[in-house]
Amino acid sequence: MKVTLRVSAGPHFGRTFSFDQHDTFLIGRAETAQLCLPEDRFFSRHHCILEIAPPQCFLRDLGSTNGTLLNEQPVQKRILLTSGDKIKIGETDITFRLLNDNK
């Protein structure tokens, strides 16, 4: 199984990240973030994190100022993602996909 994250709107439109093993993926304005968006004023330095362990992936907001939306709903706690879910932060949308490598 492989997890993919595709930026579907915003300054990094079209950028794709793929994972086939356990990893964490930090999103924010900090230079240490794997998806660093210093120009987006809606992002906190450490905005949210994805905990990836294919086939599972969890999203957790890190106490951001403007919040993280999953399918237009605010993320209040650690939540399991489902293929096709849309993460929205400020002007950036990210689509989550779970792919079967055997196809």
Side-chain angles (χ1 to χ4, degrees):
M1 299 299 273
K2 184 193 293 186
V3 166
T4 63
L5 304 170
R6 182 175 183 280
V7 180
S8 49
H12 291 276
F13 174 79
R15 196 159 174 204
T16 301
F17 303 89
S18 296
F19 307 87
D20 59 4
Q21 60 188 7
H22 183 267
D23 207 345
T24 56
F25 188 78
L26 178 63
I27 301 172
R29 286 186 295 112
E31 290 180 16
T32 55
Q34 285 87 355
L35 180 55
C36 180
L37 295 136
E39 67 280 355
D40 192 332
R41 60 184 163 51
F42 294 104
F43 276 78
S44 296
R45 284 180 16 85
H46 298 120
H47 196 94
C48 65
I49 194 163
L50 290 149
E51 300 165 27
I52 302 161
Q56 295 184 327
C57 183
F58 293 91
L59 171 65
R60 185 168 42 107
D61 185 86
L62 297 173
S64 64
T65 302
N66 293 302
T68 303
L69 299 179
L70 178 64
N71 301 322
E72 302 297 327
Q73 299 298 314
V75 173
Q76 302 293 328
K77 58 184 177 178
R78 182 175 180 245
I79 189 163
L80 178 65
L81 298 180
T82 303
S83 192
D85 280 348
K86 306 265 188 209
I87 301 164
K88 182 168 184 63
I89 307 164
E91 300 170 351
T92 298
D93 293 349
I94 301 166
T95 303
F96 168 79
R97 294 266 185 243
L98 183 60
L99 305 171
N100 187 340
D101 287 341
N102 297 330
K103 289 186 176 181

Is any side-chain heavy atom of [Y] closer than 4.5 Å to one of [X]?
| X | Y | result |
| --- | --- | --- |
| V3 | L81 | no |
| L35 | L26 | no |
| L50 | T24 | no |
| V75 | C48 | no |
| L99 | T4 | yes |
| T92 | L37 | yes |

Worksheet item: Which is it for D93 and K86 under the side-chain contact (heavy atoms from CB on, under 4.5 Å) test, yes or no, and what are the steps along the way?
Response: CA-CA 7 Å; D93 293 349; K86 306 265 188 209; 5.8 Å; no

Practice prompt. Provide the closest heavy-atom pair for H12 versus C36 in the form atom of the first, atom of the second, distance.
Written response: NE2-O, 3.4 Å

Discussion item. Once rounded to the nearest 0.5 Å, what's the spacing between atom CZ of R15 and atom CD1 of I94?
Written reply: 10.5 Å

Worksheet item: Once you round to the nearest 0.5 Å, how far does OG1 of T16 lie from CZ of R97?
Response: 11.0 Å

Worksheet entry | Six-ring centre of F13, R6 cation under 6.0 angstrom, axis tolerance 45° | yes

Worksheet item: Any link between F25 and M1 through a network of hydrophobic side chains (Ile, Leu, Val, Met, Phe, Trp, Tyr) touching at under 4.5 Å?
Response: yes

Practice prompt. Using the rule that two of Ile, Leu, Val, Met, Phe, Trp, Tyr join whenever any of their side-chain heavy atoms come within less than 4.5 Å, decide whether L70 and F96 are in one cluster.
Written response: yes

Worksheet item: D23: what forms a salt bridge (charged side-chain N to carboxylate O under 4.0 Å, His left out) with it, not counting sequence neighbours?
Response: none

Worksheet entry | K2/S18 under side chain to side chain donor-acceptor pair (under 3.5 Å): CA gap, chis, key distance, verdict | CA-CA 7 Å; K2 184 193 293 186; S18 296; 4.8 Å; no

With a 3.5 Å cut-off and sequence neighbours excluded, list the donor-acceptor pairs that the side chains of residues 52-61 form with protein atoms.
from, atom 1, to, atom 2, distance (Å)
R60, NE, E51, OE2, 3.1
R60, NH2, E51, OE2, 3.3
D61, OD1, S64, OG, 2.7
D61, OD1, T68, N, 3.4
D61, OD1, T68, OG1, 2.6
D61, OD2, G63, N, 2.9
D61, OD2, S64, N, 3.0
D61, OD2, S64, OG, 3.3

Worksheet item: Out of E39, R41, H46, R45, which residue meets the side chain to side chain contact (heavy atoms under 4.5 Å, CB included) rule with R29?
Response: R45

